[in-house]
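Below, each value reflects all heavy atoms present in this structure, side chains not excepted, and no hydrogens, waters or symmetry copies. Residue numbers begin at 1 in each chain, while the letters A, B, ... track the order of the sequences.
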There are 2 protein chains.
Amino acid sequence: MPDTRRSGAETRERILAVAREHFARQGYDRTTIRAIAAEAQIDPSMVMRYFGNKEELFKVAASIDLALPDLTTAAPGEAGRVMAAHFVRTWDAEGTLMALLRRAASDPQAAEQMRGIFASQVAAAVAPLCHDPTEAPRRAALVATQLLGVALGRYVLRLPPIVEMTPDEIVTWVAPTIDRYLTADPAHLPQK
Amino acid sequence: MPDTRRSGAETRERILAVAREHFARQGYDRTTIRAIAAEAQIDPSMVMRYFGNKEELFKVAASIDLALPDLTTAAPGEAGRVMAAHFVRTWDAEGTLMALLRRAASDPQAAEQMRGIFASQVAAAVAPLCHDPTEAPRRAALVATQLLGVALGRYVLRLPPIVEMTPDEIVTWVAPTIDRYLTADPAHLPQK
DNA sequence: CGGCTAGGTCAACAAGTGTTGGCCAACTGA
DNA sequence: TCAGTTGGCCAACACTTGTTGACCTAGCCG
């Protein structure tokens, strides 16, 4: 009750940090405002003060900038490796992307948010590599399936073999796949 | 109030069918017993009568037999295609696997159930192809990342390019990836 | 000093959830 | 015929959740 007064913007950040962690670990539905407030050592109503409602809090907490590297500077055949390495490093560091992925599994709006991220950011990074620009969305999406699949296995499902792999091992296995999705000639139909 | 009497086992199946659909479409948390009961045109308490509790209902609804094909009979280089085709066909037909995937995103117990499925069924199907049997779990898990990644993109996130692809197109793109995970020589480290 | 503002608490509301137990009515079979 | 079983409904309980509004109080600024 000593009304430990903090700087305001500071508590806002603290709420956000706790929220990110909770969303990433448990998903949207199972994360409660009360739990966030408790861990941030404030009253639940403070969360509402700062963010309006749970929905809005999530939106702010889950805003993501993938900060993708410029693939055009990568050596030919190395683009896949660069991309894979970037992703593994990114989501190993912080769980924001995982929070969004978790929620997207049961909430159409979060799925839409994710679609936006991949449609814009990933497709944009991929586009310069394609001779035919209309191919970019499809290639970006294929890349996404593999990268998100790994994320799913490693952080959500926690498949033991995937969890045990080092980041380097993951990159080594996955890079050729990404690279093929990025650069394979459309005349690949005889896929044998 | 006419107490429209059905056969009992029949309603049980009806509950199960509705439950499967709801779980697959909305995930565990957002699926309510009341909603299932309403759509099955019974009282919520009937669901409890038949299945004990929501948890148990989900377990029964999400029990899965992948019915994987025998990969040893596939021609060399065709195993990936066979596997990919089987999966796409399976989950295109019914959403049980998607229900489990959705829930696994926010519930550790469902994730464990999924781990079990892939650790046993997929690893078992993959094992005969490996010269070194201890490699099987890892290869199975790698296969899982790609297949589940596609499922995620197509049915959960609904990434437009993935949704628009025909099953055949998906198989064509993904088969070589699966095949490499299944059969690539461990001396693949110079992955360039 | 004195008022206003901003950080913070408290208690409650309204809605929705899983779950329970009691009761009813139609069949079934002895 | 009549008791028992079985499919079914109803109403409520206990709990959790997001959300709200009234109130408090330490400071800063005039």
Side-chain angles (χ1 to χ4, degrees), chain A residues 1-23 25-62 99 102-103 105-110, chain B residues 1-23 25-62 99 102-103 105-110:
Chain A
M1 25 201 102
D3 193 356
T4 325
R5 198 154 295 233
R6 295 118 174 164
S7 91
E10 172 193 343
T11 47
R12 203 191 125 102
E13 280 313 306
R14 200 150 32 89
I15 293 174
L16 216 46
V18 175
R20 281 211 177 90
E21 199 227 335
H22 276 236
F23 283 139
R25 194 152 35 85
Q26 312 172 312
Y28 183 84
D29 285 314
R30 295 179 124 77
T31 295
T32 103
I33 299 264
R34 281 173 159 87
I36 295 176
E39 194 171 324
Q41 293 176 323
I42 19 153
D43 192 88
S45 61
M46 282 280 93
V47 179
M48 312 305 292
R49 254 229 211 303
Y50 283 120
F51 297 93
N53 57 26
K54 190 182 178 182
E55 187 73 26
E56 216 59 37
L57 169 62
F58 182 84
K59 264 191 205 153
V60 177
R102 279 210 152 84
R103 184 171 188 206
S106 63
D107 179 75
Q109 214 170 325
Chain B
M1 27 210 112
D3 193 357
T4 326
R5 195 154 298 229
R6 296 115 170 168
S7 91
E10 173 192 342
T11 46
R12 203 192 125 101
E13 279 314 307
R14 200 151 32 89
I15 293 174
L16 217 44
V18 175
R20 282 211 176 90
E21 199 227 335
H22 276 236
F23 283 138
R25 193 151 38 84
Q26 311 171 312
Y28 184 85
D29 285 313
R30 298 180 121 78
T31 295
T32 99
I33 299 265
R34 282 173 158 88
I36 294 176
E39 193 172 323
Q41 293 175 323
I42 22 155
D43 192 88
S45 62
M46 283 280 93
V47 180
M48 312 304 292
R49 255 228 210 303
Y50 283 120
F51 296 93
N53 57 27
K54 190 182 178 183
E55 186 72 27
E56 217 59 37
L57 170 61
F58 182 84
K59 265 191 205 153
V60 177
R102 279 209 151 85
R103 185 173 185 203
S106 62
D107 179 75
Q109 215 169 325

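- A donor-acceptor contact shorter than 3.5 Å links the side chain of Arg20(B) to the backbone of Ala61(B).
- Contact annotation: Ser45(A) side-chain N/O to dT19(D) OP1/OP2 distance is not under 4.0 Å.
- Minimum atom distance to the side chain of Ile33(A) is reached by dT19(D), of the listed dT19(C), dT19(D), dG8(C).
- For the side-chain contact (heavy atoms from CB on, under 4.5 Å) with His22(A), the lone residue among Ile33(A), Thr32(A), Thr31(A) that qualifies is Thr31(A).
- Nucleotide dG18(D) holds its P atom 15 Å from the CZ atom of Phe51(A), rounded to whole Å.
- Atom-to-atom, CZ of Arg30(A) to C1' of dG18(C) comes out at 13 Å; the value is rounded to the nearest Å.
- Rounded to a whole Å, the CD1 atom of Ile42(A) is 15 Å from the C1' atom of dA6(C).
- Atom CG of Asp43(B) is separated from atom P of dC24(C) by 16 Å (rounded to the nearest Å).
- You'll find that the side chain of Lys54(B) is closest to dT19(C), out of dT9(C), dG7(D), dT19(C).
- Between Met48(B) atom CE and dA11(D) atom P there is a gap of 19 Å when expressed in whole angstrom units.
- Comparing Asp29(A) and Tyr50(B) along DNA chain D, the residue whose closest nucleotide (by nearest heavy atom) sits nearer the 5' end is Tyr50(B).
- Classified by interplanar angle (parallel below 30°, tilted 30° to 60°, perpendicular above 60°), the ring pair Tyr28(B)/Phe23(B) is parallel.
- Contact annotation: the side chain of Arg12(A) approaches that of Val60(A) to within less than 4.5 Å [non-hydrogen atoms, C-beta and beyond].
- Of all heavy-atom pairs between Arg103(A) and Arg30(B), the closest is NH2-NH2, 4.2 Å.
- Put simply, CD on Glu13(B) is 16 Å from C1' on dG7(D), counting in whole angstrom units.
- Rounded to whole Å, the distance from OH on Tyr28(B) to C1' on dT17(C) is 11 Å.
- Distances shown here put a side-chain N or O of Thr11(B) below 4.0 Å from the OP1 or OP2 atom of dG8(D).
- For Met46(A), the listed nucleotide lying nearest its side chain is dG8(C); candidates were dC10(C), dG8(C), dT19(D).
- Nearer to the 5' terminus of DNA chain C, by closest-nucleotide assignment, is the contact made by Arg49(A) (compared with the other of Arg34(A) and Arg49(A)).
- The distance between atom CD of Glu56(A) and atom P of dT19(D), rounded to the nearest whole Å, is 10 Å.
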